[in-house]
> 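Got a structure here, written out as structure tokens. Questions coming.
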Amino acid sequence: GNVSLWNWRVLLPLSAAAELAAFFIFFITVSTHRRGGPRRAIEAWMGLVIGSTAGFLILLLFNAAIATYLAIGAETPEFPHWLDQRFLVLATWGVPVLAVWGFNARWLPAFMGLQPASSKGLVSALVVCGLGVTSAVLGNFRLAAALLVVASVTAAVALNIFDRARRPANLQGVHPSFPIFVRFCYGWLVIAALLSMWAASADRNGGIWGASRHALTVGFLASMIFAIGPRILPAFCGGRQLFSARLMFAACSLLSLGCLLRVASEIPAYEGFAQAAWHVLPLSAVVELIAVSLFALNLALTLAHPAAPVSDSRLYTISRA
């Protein structure tokens with residue numbers, strides 16, 4: 001509907017309704033699941049994942065309201081800029097960022113040999129991030145950006161990301177640079193929040209906001225997938241071993257390089273500081289595309305190999321992870 005404009009007044013609200021229906025099917029399925037053993041209190045990492053899920057529901061309701069509004073009275077299905085800004089903050093900081101923090105708290109102490117995450121710190125990061133997203137939705141972007149900076153730093157400290165490891169990292173099947181790239185991700189997270197502070201007061205043509213979002217979506221979210229995906233996906237798919245640790249290193253390195261080129265050039269290009277920066281933007285896109293292709297190739301070759309026989313005890317370990 002958005003691309004072709006064919007019957008978009010019907011398709012746009014229908015798509016929003018279908019997405020909401022999918023969410024509720026998922027929610028009902030998960031909520032009826034019962035674990036054996038005594039009932040335990042909700043851990044901090046679970047609270048972050050639950051918060052992310054709640055944010056996703058709010059996002060879908062927001063989307064449904066906007067889609068219905070546009071279908072009734074707008075000339076095109078385009079979100080107004082002032083509304084799009086609010087929607088994008090909710091769609092990024094209010095959903096995937098919280099989920100990453102939660103699962104990082106669950107996995108990284110084992111994968112990187114870190115001290116277990118601080119529950120109080122994680123809850124504080126969740127609350128401050130929620131306040132930041134709420135401020136953005138209400139239109140106070142300067143306050144929102146400041147709160148998101150605080151939330152990012154709080155999350156990194158709570159997760160002990162930049163602390164010295166207490167024991168050797170578990171690097172089975174992955175490249176030894178795995179802990180370095182995870183730390184890079186949190187560096188990008190803080191950069192994204194700091195750029196949003198700059199954008200809230202100085203952005204004129206979308207360059208600073210764009211650089212901030214790219215630092216978040218590629219530098220933090222996509223790079224985290226590139227770093228942790230090769231560690232967990234082969235295990236979840238029948239206990240396989242990653243096809244190539246070198247391909248993993250190449251994909252992570254190129255994605256980081258592409259993100260750096262994009263963030264460094266987008267601001268001077270769009271804001272009119274340096275016209276030469278426009279020539280760097282397409283180069284950054286090509287570098288990132290190569291990185292994505294290498295990541296996909298590595299996983300495809302991993303899944304193409306037969307899975308090794310997995311014992312019951314190893315299956316239990318994988319499911320526990």
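Source: prediction; values computed, not measured.
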> Identify whether L221 and I225 are in the same connected component of the hydrophobic contact network (ILVMFWY, side-chain heavy atoms under 4.5 Å).
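Hydrophobic grouping puts L221 with I225.
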
> Quick check: F141 with W209 (ring centres under 6.0 Å apart)?
yes

> Out of F295, F184, F181, which residue meets the side-chain contact (heavy atoms from CB on, under 4.5 Å) rule with C252?
F181

> Are the side chains of L297 and F243 in touch, meaning some heavy atoms are under 4.5 Å apart?
no

> When clusters are formed by joining ILVMFWY residues with side-chain heavy atoms under 4.5 Å apart, either directly or through shared neighbours, do L260 and V292 land in the same one?
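Not linked; separate clusters.
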
> If we ignore hydrogens and angles and just use 3.5 Å, is the side chain of R86 paired with the main-chain N or O of S135 as donor and acceptor?
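Flag not set: sc R86 to bb S135 has no pair under 3.5 Å.
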
> Decide whether I58 and V49 are clustered together by the hydrophobic rule: side chain heavy atoms of Ile, Leu, Val, Met, Phe, Trp, Tyr closer than 4.5 Å, transitively.
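Same cluster: I58 reaches V49 through Ile, Leu, Val, Met, Phe, Trp or Tyr contacts under 4.5 Å.
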
> Taking the side chain as every heavy atom from C-beta outward, state whether T154 and V128 have any pair of such atoms under 4.5 Å apart.
no

> Measure the spacing between CG of L254 and CZ of F226 and express it to the nearest 0.5 Å.
9.5 Å

> Can you measure from CG (D84) to CD1 (I66) and round to the nearest 0.5 angstrom?
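With rounding to 0.5 Å, CG (D84) is 8.0 Å from CD1 (I66).
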
> If I compare all heavy atoms of L294 with all of A250, which pair ends up nearest, and what's the gap?
CD1-CB, 4.0 Å

> Looking only at atom types and distance, does a side-chain atom of S244 sit under 3.5 Å from a main-chain N or O of L247, one as donor and one as acceptor?
yes

> Please check if the side chain of S15 supplies one atom and the backbone of L12 the other of a donor-acceptor pair under 3.5 Å.
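Here the side-chain-to-backbone pair exists.
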
> Following the transitive rule for hydrophobic clusters with a side-chain heavy-atom cut-off under 4.5 Å over Ile, Leu, Val, Met, Phe, Trp and Tyr, establish whether L88 and V97 coincide in one cluster.
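No, L88 does not connect to V97 through the hydrophobic network.
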
> Give the minimum heavy-atom separation between L70 and T76, together with the two atoms involved.
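Smallest interatomic distance, heavy atoms only, reads CD2-O, 4.2 Å.
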
> To check you understand the geometry: which heavy-atom pair defines the closest contact between A227 and V182, and what is its length?
CB-CG2, 4.1 Å

> Looking at every heavy atom in both E19 and N63, which two are closest together, and how far apart are they?
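Minimum heavy-atom separation between E19 and N63: OE1-ND2, 3.5 Å.
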
> Is there a side-chain contact between L194 and S212 in this structure, where contact means two heavy atoms from C-beta onward sitting under 4.5 Å apart?
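L194 vs S212: side chains apart.
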
> Quick check: do W198 and L195 have side-chain heavy atoms less than 4.5 Å from each other?
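They are in side-chain contact.
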
> Heavy-atom distance under 4.5 Å between the side chains of M197 and R142, does that happen here?
no

> For a 4.5 angstrom cut-off between non-hydrogen side-chain atoms, does L122 reach L159?
yes

> Any donor and acceptor pair, going by atom type alone, linking the side chain of S223 with main-chain N or O of V218 inside 3.5 Å?
yes

> Okay, side chain of Q275, backbone of A269: is any donor-acceptor separation there less than 3.5 Å?
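No.
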
> With a 3.5 Å distance limit and no angle check, can you tell me whether R240 reaches the backbone of H305 through a side-chain donor-acceptor pair?
yes

> Working to the nearest 0.5 angstrom, can you tell me the gap between F178 CZ and R183 CZ?
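If we round to the nearest 0.5 Å, F178:CZ and R183:CZ are 9.5 Å apart.
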
> Hey, could you give me the CZ/CD distance between R262 and E288, rounded to the nearest 0.5 Å?
7.0 Å

> Side chains of Y186 and N104: do they bring a donor and an acceptor to under 3.5 Å?
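Their side chains do contain a donor-acceptor pair, which is all the 3.5 Å distance test asks for.
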
> With side chains defined as the heavy atoms from C-beta onward, is the minimum distance between L60 and F56 less than 4.5 Å?
yes

> Do the rings of F23 and F26 sit parallel, tilted or perpendicular, given the 30° and 60° boundaries?
tilted

> My understanding is that only residues two or more places apart in sequence, or in another chain, count here; which of them pass side chain to side chain contact (heavy atoms under 4.5 Å, CB included) with R166?
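Checked R166 against side chain to side chain contact (heavy atoms under 4.5 Å, CB included); matches are Q115, P116.
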
> Side-chain heavy atoms nearer than 4.5 Å, only ILVMFWY residues, links allowed to pass through others: does that put V89 and L59 together?
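Cluster IDs for V89 and L59 match.
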
> So which heavy atom on Y270 is nearest to which on G207, and how close?
CB-CA, 3.4 Å

> Minimum heavy-atom separation for C129 to W93, with atom names?
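Heavy atoms only, the tightest pair is SG-O, 3.5 Å.
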
> Within the side chain of R204, is there an N or O that forms a donor-acceptor pair under 3.5 Å with the backbone of A202?
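Indeed, once roles are kept as given, a pair shorter than 3.5 Å links the two residues.
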
> Report yes or no: does N7 contribute a side-chain atom to a donor-acceptor pair with the main-chain N or O of V10 at less than 3.5 Å?
no

> When you measure from the side chain of D203 to the backbone of I208, do you find a donor-acceptor pair of N or O atoms at a distance under 3.5 Å?
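Yes, because the side chain of D203 sits within donor-acceptor range (under 3.5 Å) of the backbone of I208.
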
> With R231 as the cation and F111 as the aromatic partner, state whether NZ or CZ is under 6.0 Å from the six-membered ring centre and within 45° of the axis.
yes

> M248 versus V174: any side-chain heavy-atom pair under 4.5 Å?
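M248 vs V174: side chains touch.
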
> Roughly how far, to the nearest 0.5 Å, is CD1 of I228 from CG of L108?
5.0 Å

> Rounded to the nearest 0.5 Å, what separation is found between the CD atom of E43 and the CG atom of L48?
11.5 Å

